[in-house]
Amino acid sequence: MENFKLEITHICKQSGARCGILHTPHGSVQVPMFMPVGTLATVKYLSPDDIKKIGSGVILSNTYHLWLRPGEDIVAKAGGVQNFMNYQGPMLTDSGGFQVFSLADSRKIKEEGVTFKSHLDGRALFLSPEKSIQIQNKIGADMIMSFDECIPYPATYEYTKNSVERTLRWAKRGQDAHERKHDQALFGIVQGGDFEDLRKHCAQELVKMDFPGYSIGGTSVGEDKATMYRMVDYTIKYLPEDKPRYLMGVGAVNDILEGIARGVDMFDCVLPTRIARHGSCMTSKGRINIKKAAYKDDFSPLDPNCDCECCKNHTKAYLNHLIRCNEGLAGRLLSIHNLRFLIQLTEKARIAINEDRFLDFKDEILEEYGFDERGF
RNA sequence: GCGGUCGUGGUGAAGUUGGUUAACACACUAGGUUGUGGUCCUAGCAUUGCGCGGGUUCGAGUCCCGUCGAUCGCC
């Protein structure tokens, strides 16, 4: 497809991190970037205007969730997910592979696809590579994902190997079923757990199929950070330089920085918005929990270095009050803040890459943040 | 004035024929949450303390007496 293309503008001489522009049918955005998650065609609590104001490049939505409610036909009838939610920016949908893994019961994986029970009402469902792509074709995001098996960690070599082979066959089937190659970029997803040869094999086979973008999957499923970074290392060297690389489900500050250092272009994660709804905030000085009694009478902004609507207009004392009272505005303001915080992080990262000092930048940020094992 | 019922943490309340660590929930305190179920998880949380003061008993929140308070009924 000619209207989807990654243009690499600079490669950091110090780290090898990349900077570029991703062109999509719904606009061009800069990478590396963090993509807010909008599962049900809404970034929880935020209006489309809010999403634009925080400087978000791409937002994510979910095949599995939209399939169940309201159904892909409704979304198609609305003119695609962008029209449905009245957000005219680049979007991406996950394939449902992860949701089948993470929230469905009674999962049975067969060559044909996966049977499982709905998390909403328990009814039996079936999702296959073809079905996932058909649904994503109807939803209409600019980037769509192959239907993969996201295996748990740890998994045995034997299980992982068989799963990778199946994920590769599924990738091919999805590619064959894809009917909107002209305006939807289908990404292949690299699995392979913590096994170097399986990651290599999976990446190389997907590259042979020539996808317009590649995702690194099977991360952030409970493994430790060193393992996650190793999975990225095992994978990324086999991916083509001129295609976008998306590290799925990763959104902790140190993980994003480590990913960028390794050449990742795109990240998404529920972390900033999920923790925001419960009062946890990412700030330049580290993570704080705004619910704490200590903030009851703290009339300073959440993060004086932040330019978001929340930090410019409100005090910690007010946020503390809102979250204690379970007021929706707390979720909105803190979601705006955490998302803006990560987006600002990527903006600063791009500057550092262009100045060939990304490794220094990474160390400075982590130092100031008070990096620990958890990484926020 | 007479009679009944009741009095356990910040709140609502369990506490069996009197028997070791006063259940549970909410609230509160401190953490967590990584391809989003507006969730969920973890830990802490009654100055040997059960309105107050006596008594019985090896042992009382649980029995007895007094007292204070709440509440209902009757004059």
Side-chain angles (χ1 to χ4, degrees), chain A residues 34-46 58-66 68-69 92-105 117-122 132 136 141 143-151 153 187 189-191 214-225 227-229 231-232 246-256 258-259 264 266-282 287-296 320 323-332 334-335 338-339 342 372-376:
Chain A
F34 177 80
M35 308 184 285
V37 177
T39 308
L40 285 157
T42 166
V43 177
K44 291 186 195 300
Y45 288 106
L46 303 201
V58 171
I59 64 172
L60 208 109
S61 205
N62 276 87
T63 298
Y64 171 79
H65 294 277
L66 293 178
L68 294 189
R69 290 189 306 206
L92 180 155
T93 44
D94 192 7
S95 64
F98 184 78
Q99 284 63 45
V100 167
F101 159 77
S102 68
L103 46 85
D105 286 329
K117 288 186 173 173
S118 161
H119 74 280
L120 293 176
D121 55 15
S132 170
Q136 294 188 79
M143 289 163 271
I144 66 176
M145 297 296 123
S146 293
F147 186 70
D148 63 333
E149 182 194 358
C150 183
I151 59 169
Y153 178 86
F187 282 41
I189 302 180
V190 182
Q191 291 288 346
Y214 296 91
S215 303
I216 303 171
T219 55
S220 52
V221 291
E223 77 283 8
D224 56 64
K225 289 184 180 296
T227 302
M228 187 209 288
Y229 303 154
M231 289 174 175
V232 175
Y246 162 28
L247 181 55
M248 307 182 86
V250 169
V253 172
N254 54 344
D255 295 343
I256 289 177
E258 294 297 340
V264 173
M266 304 156 64
F267 302 85
D268 83 286
C269 191
V270 302
L271 189 69
T273 40
R274 177 183 287 164
I275 66 175
R277 274 177 260 125
H278 304 285
S280 283
C281 317
M282 297 167 170
R287 193 155 136 183
I288 68 172
N289 187 344
I290 199 65
K291 267 198 284 203
K292 283 173 73 160
Y295 300 119
K296 265 184 180 167
N320 176 275
I323 196 87
R324 279 171 186 272
C325 298
N326 232 334
E327 279 294 331
L329 184 57
R332 174 167 173 273
L334 296 179
S335 292
N338 279 350
L339 288 174
L342 288 183
D372 63 20
E373 251 318 292
R374 249 185 18 254
F376 294 1

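Below, chains carry the letters A, B, ... as their sequence lines are ordered, and counting in each starts from 1.
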Look at the side chain of A:Ser146 and the backbone N and O of A:Phe187, then say whether any donor-acceptor pair between them is shorter than 3.5 Å. yes

Under 3.5 Å donor-acceptor pair, A:Gln136 side-chain atoms to B:G35 base atoms: no

Across the strands shown, which category fits A:Leu247 at heavy-atom distances under 4.0 angstrom: base, sugar-phosphate, nothing? nothing

Upstream residue (5' side of RNA chain B) when A:Glu327 and A:Lys296 are each assigned their closest nucleotide: A:Lys296

Taking atom C1' in both B:U16 and B:G61, compute the distance separating them and give it to the nearest angstrom. 13 Å

Specify the closest pair of heavy atoms between A:Met145 and A:Ser215, including all atoms of both residues, with the distance to one decimal. SD-OG, 3.2 Å

Over all strands shown, is A:Gly218 touching base, sugar-phosphate only, or nothing at heavy-atom distances under 4.0 angstrom? base

Watson-Crick or G-U stems involving RNA chain B, each at least 3 pairs long, distances under 3.5 Å, ordered by first number: B:1-7 with B:68-74, B:10-12 with B:24-26, B:28-32 with B:40-44, B:51-55 with B:63-67

Return the nearest nucleotide to the side chain of A:Lys225; candidates are B:U34, B:G35, B:U33. B:U34

Where the side chain of A:Ala293 is concerned, which of B:U29, B:G35, B:U34 is the nearest nucleotide? B:U29

Considering only the C1' atoms, how many Å lie between B:A23 and B:U5, rounded to the nearest integer? 25 Å

How far does the P atom of B:C63 sit from the matching atom of B:G4, given to the nearest Å? 16 Å

Considering only the C1' atoms, how many Å lie between B:A60 and B:G69, rounded to the nearest integer? 22 Å

Touch class at under 4.0 angstrom, heavy-atom based, for A:Asp268 against every strand present: sugar-phosphate

NA contact type, A:Ser95, heavy-atom cut-off 4.0 Å: base, sugar-phosphate, or nothing? base

Span that lies between the P atom of B:A25 and that of B:U33, in whole angstrom: 24 Å

How is A:Asp148 classified with respect to the nucleic acid when contacts are heavy atoms under 4.0 Å: base, sugar-phosphate, or nothing? base

Each nucleotide N or O in nucleotides 39-46 of chain B that has a protein N or O under 3.5 Å away: list the pair and distance.
| residue | atom | partner | partner atom | Å |
| --- | --- | --- | --- | --- |
| B:U39 | O4 | A:His278 | NE2 | 3.1 |

For the P atoms, the ones on B:G7 and on B:G15, what distance do you get once it is rounded to whole angstrom? 11 Å

With side-chain hydrogen bond (donor to acceptor under 3.5 Å, both in side chains) as the test, would you mind laying out the steps for A:Glu223 and A:Thr219 before giving the verdict? CA-CA 7 Å; A:Glu223 77 283 8; A:Thr219 55; 5.0 Å; no

Does some side-chain heavy atom of A:Lys291 sit less than 4.5 Å from a side-chain heavy atom of A:Ile323? yes

Which nucleotide, B:G37, B:C28, B:G38, lies nearest any side-chain atom of A:Arg324? B:C28

All heavy atoms of A:Asp255 vs all of A:Val250, minimum pair found to be CB-CG1, 3.4 Å

With no hydrogens and no angle check, is any side-chain donor or acceptor of A:Ser132 less than 3.5 Å from a backbone partner on A:Phe147? no

Note: A:Gly97 and A:Ser95 closest approach over all heavy atoms is N-OG, 3.1 Å

Within the 4.0 Å heavy-atom criterion, would you say A:Arg69 contacts the bases, only the backbone, or no part of the nucleic acid? nothing

Roughly how many Å apart are B:A13 and B:U17, using the P atom of each and rounding to a whole number? 22 Å

Using atom C1' in both nucleotides, what's the gap between B:C24 and B:G9 to the nearest angstrom? 13 Å

Once you measure the plane-to-plane angle for A:His119 and A:Tyr64, does it fall in the parallel (<30°), tilted (30-60°) or perpendicular (>60°) bin? tilted

Select base, sugar-phosphate, or nothing to describe what A:Gln191 touches, counting heavy atoms under 4.0 Å on all strands. base

